[in-house]
Number of protein chains: 2
Amino acid sequence: MKAFQSYKNPSLAVDLVVFGYHENELSVLLLNRNAEPFANTWVLPGAFVQMDETFLQTCSRVLQTKLGMDNVYLEQLYSFDNPDRDPRGRAISVAYYALVNPHKFTVTAGQMANDVVWFPVKKIPALGFDHKEIFKMALQRLQSKILYMPIGFELLDELFTMTELHELYECILDITIDRRNFRRKILDSEYIINTGTKRDGLQNRHPDLYRFNKKLKKNQFQLSVGI
Amino acid sequence: MKAFQSYKNPSLAVDLVVFGYHENELSVLLLNRNAEPFANTWVLPGAFVQMDETFLQTCSRVLQTKLGMDNVYLEQLYSFDNPDRDPRGRAISVAYYALVNPHKFTVTAGQMANDVVWFPVKKIPALGFDHKEIFKMALQRLQSKILYMPIGFELLDELFTMTELHELYECILDITIDRRNFRRKILDSEYIINTGTKRDGLQNRHPDLYRFNKKLKKNQFQLSVGI
DNA sequence: ACAAAAGTGTTTACTGTACACCCATGG
DNA sequence: CCATGGGTGTACAGTAAACACTTTTGT
């Protein structure tokens, strides 16, 4: 059987929407490009897929070499194929989104970028390529996914309080959720486990600390949202 | 700005999971390959993406030239990147699924295939490449999507009865749904419109004919399933 | 003892679920 | 007039939504 190298193939890249949560704000990592095209423009981090790499390996390479991150939650989002999306020629982008805890990493600009900055999702600047479209789809996906899959904890520390989880949900969904109904729903789902320890050093009553229930079956969770 | 043609890029193909509904059975179109690799093996229809084609254009090309279909519902499913998925070399597959009404088309084998056949989703044979995995994901996607997006009518004639829609849902979800609760739920959602006409020529009471409500806002629809 | 945040419980409204009856048609 | 499938309605149960009170801590 012969290999097929006769065809010309589009370039293939992976682009990443890296979400981080900090101080009651959901943010996305953007790079400021220092090369054409879109020099001095903010874009999503990404890289071309090497012949021997899976998409996830390309993602890891970007996260490690450009952002100093490893071991983060990754999920494929969509593949973007507009023929005009890259002025250099035909290029496909397979978009992934990542959920990271910004406390664990310090981002620094790599060789391709002037700067690497967390931007709150409500203050995203103009982006190069079709990256605004990719970002919007990623945010929508995160908002719908968090309602039926236990992924919120990926953005928090290993131990967290109910209030922290509650505020995370309000922030991501951009709505207010009744504190008491949220608590009941989350606890009924066994999404999280009370560790028995408490966070102290605060001014008021010390809240219980929870951790994610790793034994949770994936579909065991369904949060309904009322405003 | 220079173009980037220095890199070697993976082959890029589109593969299609074409769903059709007929006689209370959900089926998928499969080709029997007549060339290596996987000669005489059933596979999903697909084609390599040309440099000037969007994914959807590639899908249309496959549907038209290989299957004689046009104007069908298409949605991107996922991109498959296992390095070993094609023995000829590195090949990415961007999978789409399609919903068609088999009454409208007659499938005939093209030059690449010995045969083109509708297989009931419960009787899918062994498939070449990673196509079984693609099929399984497509079926899951269809099953979850049909609960909150009005796409079921894509598989039916323009005018249909409530019973036909009801049976379609039972068939796709592989469960039984109470006839009367289904009816109320669907009508409340304004998913469909009663045309005022009836289907006659049947043995019993002539059922009302409905058509899809094209003015329906996309998110206005949510079907809960009980067994 | 006061303020502020955390933990707990109750009532109401709604939506899903189960189920029964009547209606229209062809044979 | 009977069998069969189609159309309509109702009672019950479970879940979501709105809401109030008590507890714990630091100052």
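Just so we're on the same page: letters track the sequence lines, and every chain starts at 1.
- Listed by chain and residue number, A/R184 satisfy the side chain to side chain donor-acceptor pair (under 3.5 Å) test with A/N181 (two or more places apart in sequence, or in another chain).
- The nearest whole Å value for the distance from the CG atom in A/L165 to the C1' atom in C/dA5 is 17 Å.
- Between the CD atom of B/E75 and the CG atom of B/L99 there is a distance of 8.5 Å, given to the nearest 0.5 Å.
- The two residues B/L31 and B/P45 come nearest to each other via the heavy atoms CD1-CA, 3.9 Å.
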For this session: Summarise protein proximity over nucleotides 2-11 of chain D in one line of letters, 5' to 3': B for base, S for sugar-phosphate only, - for none, counting protein heavy atoms closer than 4.0 Å.
Result: --BBBBBBB-
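- When the salt bridge (charged side-chain N to carboxylate O under 4.0 Å, His left out) test is applied to B/E154, no partner is found at least two apart in sequence or on another chain.
- Under the salt bridge (charged side-chain N to carboxylate O under 4.0 Å, His left out) criterion, B/R211 pairs with no residue, sequence neighbours left out.
- At whole-Å resolution of the value, CZ in A/R199 and P in D/dT25 are 15 Å apart.
- If you measure from atom CG of A/D188 to atom P of C/dG9, you get 12 Å, rounded to the nearest angstrom.
- The aromatic rings of B/Y191 and B/Y169 lie perpendicular to each other, with more than 60° between the two planes, well past the 30° mark.
- A salt bridge is absent between B/D178 and B/R183: the closest approach of a Lys/Arg side-chain nitrogen to an acidic carboxylate oxygen does not fall below 4.0 angstrom.
- End-to-end axis angle of the helix from C/dA1-D/dT27 to C/dG27-D/dC1, using five pairs per end and rounding to 10°, comes to 10°.
- By the side chain to side chain donor-acceptor pair (under 3.5 Å) test, B/K198 pairs with B/D208, sequence neighbours left out.
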